[in-house]
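Beneath this line is the structure, given in structure tokens, with notes to follow.
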Amino acid sequence: MTLYILVYFSALVVSFCYAKAKDGYACILFKILLFLLLFCPLAFRYDIGTDYSSYANILKTALQHDYMPGFEIGWYPIIYLIRLLHLDIHFFFVIPAFLSVLVILYVIPRKYVWICIPVYLCFSWINSFNIVRQAFASIIFLLSINAYLLGNKKIMVFWGIVSFLFHTSLILLCIILFVMPFVKKHIPKTYTSAIAFIIFISILAIGNVGTRFFNIVVSYTPYSGYLNSIFAQKAKLGSGVGVLLKECILLLFILANKNRKKGADRRNYALNWIFPMTMGAAIILASQVRILGRIANLFDSIYIFLVFTLAQSSSKYRKIFIIFIFLASSLLFFKTLVDNPSSLKSGLGITPYQSIFSR
């Protein structure tokens with residue numbers, strides 16, 4: 001756990017220095033240092049995450065018998081490269097880690113990197129120790145959102161398709177993003193949206209919709225294999241503090257959102273309404289059925305864009321909201337570390353950290 005905590009606070013300091021650096025050489029130095037802080041723990045971890053051994057066994061068998069595993073087609077070039085260069089199967093984890101951090105530092109404006117990095121560490125980074133394929137696809141999807149905000153529809157579609165090729169579940173985010181241009185003119189005003197969010201989430205929670213959704217809808221999806229498994233059981237909610245904090249964060253994104261009228265501002269407004277609504281629903285569903293947590297995890301990377309659009313908001317409460325989100329994200333990060341030891345053989349299984357060099 002110590003390494004995760006050191007990375008968290010070191011990344012906060014370095015990202016702040018990188019955002020505020022005036023000298024060009026200092027800027028490059030801090031950016032490289034930040035990249036290494038985020039990349040190295042992901043790349044050099046060993047047998048961390050409950051999915052690690054499954055991936056390793058599947059890849060080992062596939063490489064020994066010269067066939068491609070049953071992963072999405074987007075992974076084939078990476079696996080082919082590992083086979084061609086006779087690399088260790090651990091490069092299956094190294095390559096996505098390298099590309100993921102590159103994308104993160106590309107899409108986050110330097111001005112806001114110190115605000116976004118804590119949220120990235122709390123949601124996307126820490127979860128990518130376990131759900132490697134889905135987490136990587138979610139990061140690639142950020143390039144599609146970035147293109148959407150810039151008004152480049154062709155690039156938006158391209159990266160949306162690429163993300164889908166790395167994990168088929170990304171079709172959900174692609175649908176949400178692709179229909180956004182058609183619904184952005186009909187989004188209610190800020191306080192109406194906030195009230196609608198609270199009512200919507202309350203109905204989902206009280207009505208135990210997650211269980212019904214799983215039993216009826218999931219049977220027609222690739223997750224149907226989980227219907228009679230341990231993953232179909234009710235999620236261990238505990239005190240529910242984590243769920244409440246996540247919903248509060250999403251509510252703040254909506255409250256800070258201003259009804260914008262043209263171009264990029266209008267696109268930001270649509271993004272900051274549709275995604276918090278769907279993310280809030282996914283979190284409630286995940287709190288009711290374990291496997292639906294994978295749907296909530298699809299949105300892990302989206303928090304990054306929501307944070308720096310919040311930083312650009314004209315809301316007079318913007319700074320208060322940012323402080324709250326920083327504190328809540330920090331609490332969620334440390335809670336994740338405490339709740340997910342590898343000894344449980346379930347959850348993320350990320351503590352204690354161990355590296356490939358101890359193999």
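All residue numbers in this chain count up from 1 along the given sequence.
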Within a radius of less than 6.0 Å around OH of Y76, do more than 12 heavy atoms belonging to other residues, nucleotides or ligands occur?
yes
Are I199 and I284 in one and the same hydrophobic cluster, where Ile, Leu, Val, Met, Phe, Trp and Tyr link if side-chain heavy atoms are under 4.5 Å apart?
no
Within the 6.0 Å centroid threshold, strictly below: F35 and F39:
yes
Can you see whether T61 engages Y67 through a side-chain donor-acceptor pair at a distance of less than 3.5 angstrom?
no
Just by distance, do the side chain of S138 and the backbone of Q134 share a donor-acceptor pair under 3.5 Å?
no
F333-F123 aromatic ring centre distance below 6.0 Å
no
Derivation of the ring pair (Phe, Tyr, Trp, His ring centres under 6.0 Å) call for F141 and F164:
CA-CA 8 Å; F141 185 73; F164 171 76; over 10 Å; no
Please check if the distance between the ring centroids of F92 and F71 is under 6.0 Å.
yes
Are L99 and I161 in one and the same hydrophobic cluster, where Ile, Leu, Val, Met, Phe, Trp and Tyr link if side-chain heavy atoms are under 4.5 Å apart?
yes
Linked, directly or transitively: Y80 and W75 (ILVMFWY side chains, under 4.5 Å):
yes
For a side chain to side chain contact (heavy atoms under 4.5 Å, CB included) check, start with the C-alpha distance between L327 and F324, then their side-chain angles and the critical distance, and finish with the verdict.
CA-CA 5 Å; L327 295 175; F324 176 87; 5.9 Å; no
Salt bridge (charged side-chain N to carboxylate O under 4.0 Å, His left out) for D51 and R133? Distances and angles first, verdict last.
CA-CA 10 Å; D51 286 351; R133 288 161 46 230; over 6 Å; no
Compute the centroid of each ring, for Y4 and then for F129, and state whether the two points are separated by less than 6.0 Å.
yes
Does E247 reach the main-chain N or O of I198 with its side chain, forming a donor-acceptor pair under 3.5 Å?
no
Cluster question for you: counting only ILVMFWY and a side-chain heavy-atom cut-off of under 4.5 Å, with indirect links fine, are L244 and Y303 together?
no
Roughly how far, to the nearest 0.5 Å, is the CG atom of L84 from the CD1 atom of I79?
13.5 Å
Suppose we call two aromatic rings close when their centres sit under 6.0 Å apart. Are W273 and F253 close by that rule?
no
ILVMFWY network linking V119 to I131, side-chain heavy atoms under 4.5 angstrom
no
Kindly indicate, with the supporting measurements, whether the criterion salt bridge (charged side-chain N to carboxylate O under 4.0 Å, His left out) is fulfilled by D300 and R294.
CA-CA 10 Å; D300 285 341; R294 292 298 177 96; over 6 Å; no
Taking the inter-plane angle between the rings of F166 and F136 on a 0 to 90° scale, is it parallel (under 30°), tilted (30 to 60°) or perpendicular (over 60°)?
perpendicular
Between N340 (side chain) and T336 (backbone), is there a donor-acceptor pair under 3.5 Å?
yes
Give the C-alpha distance, both sets of side-chain angles, the deciding distance and a yes or no for side chain to side chain contact (heavy atoms under 4.5 Å, CB included) between I139 and S124.
CA-CA 8 Å; I139 291 294; S124 188; 3.3 Å; yes
Can you tell which of L3, I117, L121, L37 makes a side chain to side chain contact (heavy atoms under 4.5 Å, CB included) with Y8?
L121
In terms of relative ring orientation, are F44 and F357 parallel, tilted or perpendicular, with 30° and 60° separating the classes?
tilted
S329 side chain to C122 backbone, donor-acceptor under 3.5 Å:
no
Are the side chain of S313 and the backbone of A256 linked by a donor-acceptor contact shorter than 3.5 Å?
yes
A21 backbone acceptor or donor facing R110 side chain under 3.5 Å
yes
Hey, does the side chain of Q354 reach the backbone of Y46 with a donor-acceptor pair shorter than 3.5 angstrom?
yes
Using the ring of Y353 (Phe, Tyr or Trp, six-membered ring only), decide whether R45 places NZ or CZ under 6.0 Å from its centre and within 45 degrees of its axis.
no
Go through the steps to decide whether L285 and Q288 satisfy the test side chain to side chain contact (heavy atoms under 4.5 Å, CB included), and finish with yes or no.
CA-CA 5 Å; L285 297 181; Q288 296 170 353; 4.3 Å; yes
Can you check whether A43's main-chain N or O pairs, donor with acceptor, with H90's side chain at less than 3.5 Å?
yes
